[in-house]
*Asks:* 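Below you will find the structure I want to go over with you.
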Amino acid sequence: MSPEVYNAFCASLPATSHVVQWGGADVWKVGGKVFAIGRQQEDGEMAVSFKCSPMGFDILREQPGLRPAPYLASRGMKWIQWLTGESMPDDALRDYLAESHRLAAAGLTKRVRAELGLG
């Protein structure tokens, strides 16, 4: 997945905001909560980190091209980092990014979700 495709997809999700932080990473948030972190690697490929369910984390961390997200997973958070399309092609990554968005939004208060139009 290219940086342009990653950013365009994240921007298409409801009520998102984008910042560049943490040394040039494209960070996407919903209601101030991070749901995706993408950074172009030295080899030109993207590394994309996303939030997932506990069961998803247990399954994905064993797959080629995926690993527990550095820093986040070491602190007990269920985040996976996608490094290659070896076991997860771009369309599946988009599905996981949408689920990460949903999980982050679900952690917002009802009032904030309503203000953002997230039902």
Side-chain angles (χ1 to χ4, degrees):
M1 175 174 286
S2 71
E4 296 79 18
V5 170
Y6 162 76
N7 284 317
F9 180 76
C10 290
S12 74
L13 297 170
T16 60
S17 61
H18 172 255
V19 296
V20 176
Q21 61 188 72
W22 301 320
D26 288 300
V27 179
W28 286 90
K29 302 177 182 186
V30 57
K33 291 189 175 269
V34 176
F35 72 89
I37 304 166
R39 179 188 310 274
Q40 194 167 13
Q41 302 299 299
E42 291 176 12
D43 63 3
E45 297 295 319
M46 285 290 288
V48 178
S49 298
F50 56 88
K51 186 175 189 164
C52 58
S53 70
M55 185 184 336
F57 180 81
D58 289 341
I59 293 168
L60 294 174
R61 71 180 176 184
E62 303 296 329
Q63 302 301 310
L66 302 170
R67 68 179 182 178
Y71 184 79
L72 297 166
S74 68
R75 283 155 176 70
M77 294 181 245
K78 303 303 181 191
W79 280 71
I80 289 291
Q81 187 175 60
W82 177 92
L83 298 167
T84 71
E86 187 174 350
S87 63
M88 182 186 291
D90 287 3
D91 60 335
L93 176 57
R94 283 189 284 274
D95 290 342
Y96 277 101
L97 288 170
E99 175 64 4
S100 181
H101 175 273
R102 188 195 69 74
L103 289 168
L108 300 170
T109 65
K110 287 182 182 181
R111 182 183 61 78
V112 171
R113 284 195 311 269
E115 288 171 1
L116 294 173
L118 296 173

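The residues of the chain are indexed from 1 along the displayed sequence.
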*Asks:* Identify, with sequence neighbours excluded, every residue that meets side chain to side chain contact (heavy atoms under 4.5 Å, CB included) alongside Ala15.
*Replies:* Val30, Leu116, Leu118

*Asks:* With hydrophobic residues grouped by side-chain heavy-atom distances under 4.5 Å, do Leu72 and Val27 end up in a single group?
*Replies:* yes

*Asks:* Does the Trp22 side chain pair with the main chain of Gly24, one donor and one acceptor, at a distance under 3.5 Å?
*Replies:* no

*Asks:* To the nearest 0.5 Å, how far apart are CH2 in Trp79 and SG in Cys52?
*Replies:* 9.5 Å

*Asks:* Say you draw a straight line from CG of Leu83 to CG of Asp43; how long is it, rounded to the nearest 0.5 Å?
*Replies:* 9.5 Å

*Asks:* Could you report the tightest heavy-atom contact between Ser100 and Phe35, atom names first, then the distance?
*Replies:* OG-O, 2.5 Å

*Asks:* Please check: side-chain N/O of His101 versus main-chain N/O of Ala36, any donor-acceptor pairing under 3.5 Å?
*Replies:* no

*Asks:* Is there a donor-acceptor pair under 3.5 Å between the side chain of Trp82 and the backbone N or O of Leu93?
*Replies:* no

*Asks:* Who passes side chain to side chain contact (heavy atoms under 4.5 Å, CB included) against Thr109, sequence neighbours left out?
*Replies:* Arg111, Val112

*Asks:* Can you find a heavy atom in the side chain of His18 that is under 4.5 Å from one in the side chain of Asp26?
*Replies:* yes

*Asks:* Taking C-beta and beyond as the side chain, do Gln41 and Arg39 meet within less than 4.5 Å on heavy atoms?
*Replies:* yes

*Asks:* Return the minimal non-hydrogen interatomic distance between Lys29 and Gly32, and the atom names on each side.
*Replies:* CD-O, 3.9 Å

*Asks:* Could you check whether any side-chain heavy atom of Lys78 comes within less than 4.5 Å of a side-chain heavy atom of Ser53, counting everything from C-beta outward?
*Replies:* no

*Asks:* Within the structure provided, determine whether Thr84 and Glu45 are in side-chain contact (heavy-atom separation under 4.5 Å).
*Replies:* no

*Asks:* Indicate, with yes or no, if Ile37 and Met77 share a hydrophobic cluster defined by side-chain heavy-atom contacts under 4.5 Å among Ile, Leu, Val, Met, Phe, Trp and Tyr.
*Replies:* yes

*Asks:* For the residue pair Leu97 and Cys10, what are the closest heavy atoms and their distance?
*Replies:* CD1-SG, 4.4 Å

*Asks:* Determine yes or no for a side-chain-to-main-chain donor-acceptor pair under 3.5 angstrom, with Arg67 supplying the side chain and Gln81 the backbone.
*Replies:* no

*Asks:* Within the distance-only criterion (no hydrogens, no angle test), does the side chain of Tyr6 pair as donor or acceptor with the backbone N or O of Gly38 below 3.5 angstrom?
*Replies:* yes

*Asks:* Taking a hydrophobic cluster as the set of Ile, Leu, Val, Met, Phe, Trp and Tyr residues connected by side-chain heavy atoms closer than 4.5 Å, whether directly or through intermediates, do Tyr71 and Val19 fall within one such cluster?
*Replies:* yes

*Asks:* Using only atom types and a distance under 3.5 Å, with no angle test, would you say the side chain of Ser87 pairs donor to acceptor with the backbone of Gly65?
*Replies:* no

*Asks:* Which heavy atom of Gly107 sits nearest to which heavy atom of Lys33, and what is that distance?
*Replies:* O-CE, 3.5 Å

*Asks:* Just jot down the side chain to side chain contact (heavy atoms under 4.5 Å, CB included) partners of Arg94, sequence neighbours excluded, or say none.
*Replies:* Met1, Val5, Phe9, Asp90, Asp91

*Asks:* So, taking the atom named CD1 in Ile59 and the one named CE in Met55, what distance separates them when rounded to the nearest 0.5 Å?
*Replies:* 6.0 Å

*Asks:* Has the side chain of Tyr96 got a donor or acceptor atom that lies under 3.5 Å from a matching backbone atom of Ile80?
*Replies:* no

*Asks:* Group every Ile, Leu, Val, Met, Phe, Trp and Tyr by side-chain heavy-atom contacts under 4.5 Å, then state whether Val34 and Phe50 land in the same group.
*Replies:* no

